[in-house]
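First the structure, in the form of structure tokens, and then the observations on it.
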Amino acid sequence: MVEVAPTPQTTIPLRSPKTVMRLSRMGSFFPTRLSFLRSLLRKLADDAVTLSWPVFHMNEHGHGDAVVTLELDGFPYSLIAFSDPLDAANRTDRVIATAWDACFVLFDGIPTANDIAHLRRHATRQEAGHYDERVLVLSRANRSVRLFEHVADALAAGHQPDEAMVQSVGYLMRTTAVYGNGKFGIADRHVIRDRPGLAHPFRIEMLTVYLIREFTLKLVDHVARARGGAKAITLSAAMKRRFGIGNSTGLGMAPFLVSHPVLIHNWMNARETALARVRAAHATTETIAHFRTLIDRSRTHLAGWNVDDETEQARIEKLRVDWALFCETVEEHLATTHPWDSMVVASSDHSEDVQELLVALVLEPQGAMIDDLCGQMEDRTNATLDPRMNVGRLIDLLKTHYDWALNADLSTTDARAMVWYVSEDKAEPRFGQRPENSADHQEMPHHIVHMVQDLAKALKDYAPNITLAEFMVAHPEHRHIIRRVQTIARHPYGEIRDNLVAANVRPIDLLRCKLSFFGASNFDPRSDRWTRITLFKGAPTADELTVENAGDVFLPA
């Protein structure tokens, strides 16, 4: 039974959370036009936002300070960049690093010289620095040394860089952290969430990364001019689009999908509502033509998508074959009354990778129909526990929304082989084999299946009319899972319907799901626990961004 009712705009039911919220499918997600960086680009284009550079004090090596500013919905913001020499022996993207090629602050307002001097002392120390609420985002990054040097040398010599080399890397600088939401004493989200330009999830972080990209492109042009003098040229507009901002993302991101169930429901519900609207719609000549170009683009994207991880590379190669087979039937579907629905239904005979690539493609031409859903993806609620609910009602909720957990076989050692915990040194999430004598207080509460079954067992000893307040007096250890069950009953897309501590769990599926909502491309897993990605690759730069080209970012080749 489908558990989420369709919105009034649709006549086709949303896909059930039982189908969508499985790790294997979530690990097949592709970015869509609802992704956060995509909605940011449209916002910047709609508002005709321009950038200014009140400070750009860089030496011939590209070291120094810079400030780039913009105004969004009447509020000025500034990215402050600090670029410094970095010894090769200290170059690492690991979270334990203490030095970087560049550090960045997204500043609320226009900084004074004193502000810049203060933040240079502190931002370059990152976690060890001191900040106030004017710091909205804190970030750090390292150059892709080989490509940065190649591009600077090529431009200095008067020609554009080698396209194959640019394609193989895709970025001049890669972030190793982008911190927001009160981290290390910077501004909490409530400081900016009521500003119309920043209300969307991760909007402020995506803006920071976009401005870092602008800084990086300006920086390499500057270094090239210093090296080449009069014969130096700048990156062409077409070449600039080939560069995004790289990022290495690991386990630190994965638990977010578990600890924010309402937010994740809103993301997923928007995506599934968009799909339902599109499936119910007729196709126009324009959307069909657009879709055909996307089919061609998808083939090019898949052909150029290669990774070092053998498991993921085999999966990509299989997707190429399966997608080609599906594409042979596309024209038949386009000739039907409801081609988008026809394709989605037919895709169920193919792999989840094919199904989710198709979802992204059918949504892409439908901006007028679905872009409003981007405004429904934040969470302004607090998940509260209702102690007045009685035991009988909670048991009903468990049977309705957690039948998958109640029916899970937890009798084997593999069912609880892994553990999510927080490291003592860096307070970062970790995932590993469960020690034989691990203490419960060290574990993050991600063993949802086990907690559900423990709760169900405890509830059997209580009459249906007993309140949860009375139950929790005797069993306070179940308070967390009770609140979660009540929350998921209202937000069913908020729960991942798999055992997250089983031996076969691949955290990379969680990473890919979240990164697809960011809008990441060049998904390049290095293991089942971390991946490299690129943000804003293929996007227009600020000086060429228009309403017409802001959407032309899908599946960069």
Side-chain angles (χ1 to χ4, degrees), residues 1-36 38-39 42 201 257 263-284 286-288 290-291 294-295 297-298 319 323 326-327 329-330 333-334 336-377 491-497 512-519 551 554-555:
M1 181 182 71
V2 174
E3 301 174 9
V4 179
T7 64
Q9 297 100 318
T10 70
T11 58
I12 290 181
L14 277 63
R15 295 188 300 178
S16 169
K18 294 180 179 180
T19 298
V20 176
M21 300 306 296
R22 300 298 304 274
L23 281 175
S24 62
R25 183 175 296 275
M26 295 165 68
S28 300
F29 280 11
F30 285 82
T32 72
R33 65 179 299 116
L34 301 182
S35 300
F36 307 140
R38 300 286 305 279
S39 67
R42 293 194 296 270
L257 298 185
L263 187 64
I264 301 311
H265 167 86
N266 292 346
W267 295 5
M268 295 289 184
N269 188 62
R271 188 175 185 272
E272 293 304 313
T273 300
L275 179 62
R277 288 183 186 178
V278 170
R279 289 176 64 185
H282 297 285
T284 65
E286 181 180 3
T287 55
I288 287 176
H290 190 175
F291 185 79
L294 295 174
I295 289 291
R297 182 178 293 194
S298 68
L319 175 57
W323 183 244
F326 179 80
C327 288
T329 68
V330 162
H333 297 295
L334 290 176
T336 64
T337 305
H338 291 85
W340 318 122
D341 182 54
S342 179
M343 278 187 268
V344 170
V345 171
S347 72
S348 62
D349 294 332
H350 296 262
S351 68
E352 289 176 326
D353 285 330
V354 168
Q355 293 173 40
E356 296 308 317
L357 176 55
L358 178 65
V359 168
L361 257 71
V362 299
L363 296 184
E364 188 63 23
Q366 314 290 347
M369 190 185 305
I370 67 175
D371 284 353
D372 65 295
L373 293 167
C374 292
Q376 302 177 23
M377 297 173 75
H491 306 93
Y493 286 112
E495 192 72 275
I496 300 164
R497 301 187 176 219
R512 181 162 168 182
C513 173
K514 187 179 179 185
L515 290 167
S516 74
F517 281 98
F518 282 11
F554 184 64
L555 293 183

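Just so it is clear, the structure is predicted and the values come from calculations on it, not from any experiment.
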Of all heavy-atom pairs between His338 and Ala280, which one has the smallest distance, and what is that distance? CD2-O, 3.3 Å

Do any N or O atoms from the side chain of Arg277 and from the backbone of Met369 form a donor-acceptor pair under 3.5 angstrom? yes

To the nearest 0.5 Å, what is the distance between NE2 on His491 and CG on Asn269? 9.0 Å

Does a donor on one side chain and an acceptor on the other come within less than 3.5 Å for Thr287 and Thr284? yes

Which value, rounded to the nearest 0.5 Å, describes the distance between Leu263 atom CG and Phe517 atom CZ? 9.5 Å

So, is the end of the Arg512 side chain (NZ or CZ) under 6.0 Å from the ring centre of Phe30 and within 45° of the ring's axis? yes

Rounding to 0.5 Å, atoms OG1 (Thr19) and CG (Leu14) come to a distance of 11.5 Å

Which pair of heavy atoms, one from Ala360 and one from Pro31, lies closest together, and at what distance? CB-O, 3.6 Å

Are the side chains of His282 and Thr337 in contact, using a 4.5 Å heavy-atom criterion? yes

Side chains of Met343 and Phe326: does their closest heavy-atom pair fall under 4.5 Å? yes

Find out whether Lys18 and Arg497 are in side-chain contact, i.e. whether some heavy atom of one side chain is under 4.5 Å from a heavy atom of the other. yes

Contact summary for Ala270 and Met377, nearest pair of heavy atoms: CB-CG, 3.7 Å

Leu555 side chain near Leu361 side chain, heavy-atom distance below 4.5 Å: yes

Minimal heavy-atom distance between Phe291 and Leu334, with the atoms involved, is CD2-CD2, 4.3 Å

Sub-3.5 Å donor-acceptor pair from the side chain of Arg297 to the main-chain atoms of Phe554, do we have one? yes

Non-hydrogen atoms of Ile370 and Leu34 that approach each other most closely: O-CD2, 3.6 Å

Between SG on residue Cys374 and CH2 on residue Trp267, distance to nearest 0.5 Å: 12.5 Å

Is it true that Glu356 and Arg15 have a side-chain N and a carboxylate O under 4.0 angstrom from each other? yes

Of all the heavy-atom pairs spanning Tyr493 and Ser16, show the shortest one and how long it is. CE2-C, 4.3 Å

Under the 6.0 Å and 45° cation-pi test, does Arg271 pair with Phe29? yes

Donor-acceptor pair, distance only, cut-off 3.5 Å: does the side chain of Ser342 make one with the backbone of Pro339? no

Measuring from atom CG of Asp371 to atom CD of Gln366, what distance do you get when rounded to the nearest 0.5 angstrom? 10.0 Å

Can any side-chain N or O of Gln355 pair as donor or acceptor with the backbone N or O of His350 at less than 3.5 Å? yes

Determine, stepwise, if the pair Arg279 / Val345 fulfils side chain to side chain contact (heavy atoms under 4.5 Å, CB included). CA-CA 10 Å; Arg279 289 176 64 185; Val345 171; 3.7 Å; yes

Please assess Arg42 against Arg33 for the test side chain to side chain contact (heavy atoms under 4.5 Å, CB included), listing each intermediate value before the final yes or no. CA-CA 10 Å; Arg42 293 194 296 270; Arg33 65 179 299 116; 3.9 Å; yes

Hey, are the side chains of Val344 and Leu358 touching, using non-hydrogen atoms and a 4.5 Å cut-off? yes

Salt bridge (Lys or Arg N to Asp or Glu O under 4.0 Å) involving Glu352 - partner list, sequence neighbours excluded: Arg25

Donor-acceptor pair, side chain of Ser28 and main chain of Ser24, under 3.5 angstrom: yes

Hey, does His333 have a side-chain heavy atom less than 4.5 Å from the side chain of Ser347? no

When rounded to the nearest 0.5 Å, the distance separating CD1 of Ile12 from OG1 of Thr273 is 12.5 Å

When you measure from the side chain of Ser35 to the backbone N and O of Arg38, does any donor-acceptor pair fall under 3.5 Å? no

